[in-house]
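Remarks on the structure that follows.
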Amino acid sequence: MIQVVESSAHASAPVLAAYSYCETVTGQQARNFAYGIRLLPAPKRRAMSALYAFSRRVDDIGDGELAADVKVARLEGARATLARIHEGAVEEDDTDPVAVALAHAARRFPIPLGGLDELIDGVQMDLRGETYESWDDLKVYCRCVAGAIGRLSLGVFGTEPGARGAERAPEYADTLGLALQLTNILRDVREDAEDGRTYLPADDLAKFGCSAGFSGPTPPEGSDFAGLVHFEVRRARALFAEGYRLLPMLDRRSGACVAAMAGIYRRLLDRIERDPEAVLRGRVSLPGREKAYVAVRGLSGLDTRHVTRRAVRRRA
């Protein structure tokens with residue numbers, strides 16, 4: 001069972017300022033993530049913002065316009081920051097507010113910070129221009145850049161005392177991360193192609209006649225692009241179904257946070273399924289009012305109750 005390590009001590013002014021910086025970064029840049037973490041109590045929300053701010057820094061290094069050798073050096077700098085946090089060498093007056101906030105969060109919650117090293121590994125895979133022959137190959141990448149984030153988040157959420165099957169919570173958190181990342185890959189297929197990146201497995205692309213890639217607003221001539229998208233949507237739905245088994249293991253507000261974030265991506269998946277070629281014409285997104293509805297639904301516990309009922313039926 002994963003327990004939250006609570007502290008009665010109040011955070012100092014420098015630490016609160018560092019958290020405030022991370023929350024600003026999250027609010028400005030995390031379109032979907034921010035909707036979920038709003039549902040958390042302040043200590044968990046701040047810790048999640050610290051995780052996001054560090055992850056955003058790593059992603060921005062990989063996606064930026066810097067020369068490849070500079071990116072490599074900056075990623076190693078991010079690793080060095082993590083090492084300082086591991087060693088307890090980040091002081092409250094450190095000039096890096098993300099490091100200050102993350103160090104404090106790691107002292108308060110049992111966050112498996114090695115997951116952020118995995119994230120850096122994933123970004124380095126992008127820098128090497130790696131492609132993926134099969135889903136098993138792609139899963140390695142997805143676990144680095146998204147599954148690890150699920151496991152890190154679980155360190156903040158904790159599991160409820162006595163939750164049935166809580167020893168599998170990290171596995172379910174990892175699987176939810178894979179579901180979200182595969183949804184991202186489908187949504188961004190053209191944007192990634194324009195950046196010279198291909199994430200969908202080569203054997204899936206070949207199966208549906210899409211090996212030529214996605215350089216324009218229409219599918220490759222003679223391909224079954226809709227078939228490819230529907231195939232990947234089914235895979236993502238299966239991952240969501242497995243990962244949702246985490247929800248009953250969480251407290252109400254943590255479960256609401258996860259349900260809200262996952263629910264937004266599931267609705268994106270619905271839109272992509274209805275109109276597969278939309279991902280070639282532009283970025284598919286949800287309006288703010290729909291995201292707000294998903295957040296309210298998560299807070300109501302509807303998704304958690306649905307998963308619990310389904311689990312009970314399986315055991316009956």
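- No path of Ile, Leu, Val, Met, Phe, Trp and Tyr side chains, each step under 4.5 Å between heavy atoms, connects Leu119 with Leu66, placing them in separate hydrophobic clusters.
- Arg57 contributes atom CZ, which lies 13.0 Å from atom OH of Tyr52 (distance to the nearest 0.5 angstrom).
- Residues Ser134 and Pro201 approach most closely at C-CB, 3.6 Å, considering heavy atoms.
- Under a hydrophobic-cluster definition in which Ile, Leu, Val, Met, Phe, Trp and Tyr are linked whenever side-chain heavy atoms come within less than 4.5 Å, directly or via other members, Val233 and Phe214 are assigned to the same cluster.
- Ile61 and Val70 are assigned to two separate hydrophobic clusters, defined by single-linkage of ILVMFWY side chains at heavy-atom distances under 4.5 Å.
- Using a 4.5 Å heavy-atom cutoff, the side chains of Cys142 and Leu182 are not in contact.
- Distance check: Leu247 CG to Tyr172 OH gives 11.5 Å after rounding to the nearest 0.5 Å.
- Classification of the Phe208-Phe231 ring pair by plane angle, with boundaries at 30° and 60°, yields tilted.
- The existence of a salt bridge linking Lys71 and Asp60 is excluded, since no basic side-chain nitrogen approaches an acidic carboxylate oxygen closer than 4.0 Å.
- Between Val58 and Ala78, the shortest heavy-atom distance links the atoms CG2-CB, 4.3 Å.
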Where do Arg271 and Glu290 land on the side-chain contact (heavy atoms from CB on, under 4.5 Å) test, with the steps shown first?
CA-CA 12 Å; Arg271 291 191 171 212; Glu290 191 167 351; 2.9 Å; yes
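- No side-chain N or O of Glu130 forms a donor-acceptor pair with one of Gln124 less than 3.5 Å apart.
- A 6.0 Å sphere centred on CZ of Arg128 holds more than 12 heavy atoms belonging to other residues, nucleotides or ligands.
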Tell me, with the steps shown, if Glu118 and Arg143 meet salt bridge (Lys or Arg N to Asp or Glu O under 4.0 Å).
CA-CA 8 Å; Glu118 293 180 54; Arg143 284 211 159 94; over 6 Å; no
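- Remark: Ser254 OG to Glu160 CD distance equals 8.0 Å, nearest 0.5 Å.
- Distance check: Asp204 CG to Glu232 CD gives 4.5 Å after rounding to the nearest 0.5 Å.
- Checked by atom type, the side-chain pair Thr175/Glu242 shows no donor-acceptor distance below 3.5 Å.
- Among all heavy-atom pairs drawn from Ala148 and Gly115, the shortest one is CB-O, 3.4 Å.
- Taking the side chain as every heavy atom from C-beta outward, Leu102 and Leu113 approach each other to under 4.5 Å.
- Considering all non-hydrogen atoms of both residues, Leu40 and Cys257 come closest at CD2-CB, 3.8 Å.
- Residues Lys44 and Pro41 have side chains in contact (heavy-atom distance under 4.5 Å, counting atoms from C-beta outward).
- Looking at Ser49 and Val25, their side chains never come closer than 4.5 Å, going by heavy atoms from C-beta outward.
- Between Asp275 and Arg281, at least one side-chain nitrogen of the basic residue sits less than 4.0 Å from a carboxylate oxygen of the acidic one, meeting the salt-bridge criterion.
- There is no path of hydrophobic side-chain contacts, each under 4.5 Å, that joins Leu16 to Val90.
- Contact of the Leu246 side chain with the Leu154 side chain is registered, since non-hydrogen atoms from C-beta on lie closer than 4.5 Å.
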So Asp203 and Lys207, salt bridge (Lys or Arg N to Asp or Glu O under 4.0 Å) or not? Walk me through it.
CA-CA 6 Å; Asp203 55 9; Lys207 185 187 305 182; over 6 Å; no
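- Nearest approach of Tyr141 to Asp126, heavy atoms of both residues: OH-OD2, 3.0 Å.
- A donor and an acceptor atom, one from each side chain of Asn184 and Tyr199, are nowhere located under 3.5 Å apart.
- Rounded to the nearest 0.5 angstrom, Thr81 OG1 and Glu76 CD are separated by 11.0 Å.
- Under the 4.5 Å side-chain contact rule for hydrophobic residues, Ile120 and Leu127 share a cluster.
- Taking the side chain as every heavy atom from C-beta outward, Leu178 and Gln181 never approach each other to under 4.5 Å.
- Here the CZ atom belonging to Phe157 is positioned 10.5 Å from the CG atom belonging to Leu152, to the nearest 0.5 angstrom.
- Residues Asp94 and Arg84 are in side-chain contact: their nearest non-hydrogen atoms beyond the backbone lie under 4.5 Å apart.
- Taking the charged nitrogens against the carboxylate oxygens, Glu171 and Arg151 have no contact shorter than 4.0 Å, which rules out a salt bridge.
- Here the shortest heavy-atom pairing between Gly158 and Leu250 reads O-CD2, 3.3 Å.
- Cation-pi geometry between Arg266 and Tyr244 is satisfied (NZ or CZ under 6.0 Å from the ring centre, within 45° of the ring normal).
- Looking only at atom types and distance, the side chain of Tyr265 has no donor-acceptor partner in the side chain of Asp270 under 3.5 Å away.
- Side-chain contact between Tyr19 and His104 is present, with at least one heavy-atom pair separated by less than 4.5 Å.
- Across Asp192, Asp63, Asp188, a single residue satisfies salt bridge (charged side-chain N to carboxylate O under 4.0 Å, His left out) together with Arg197, and that is Asp63.
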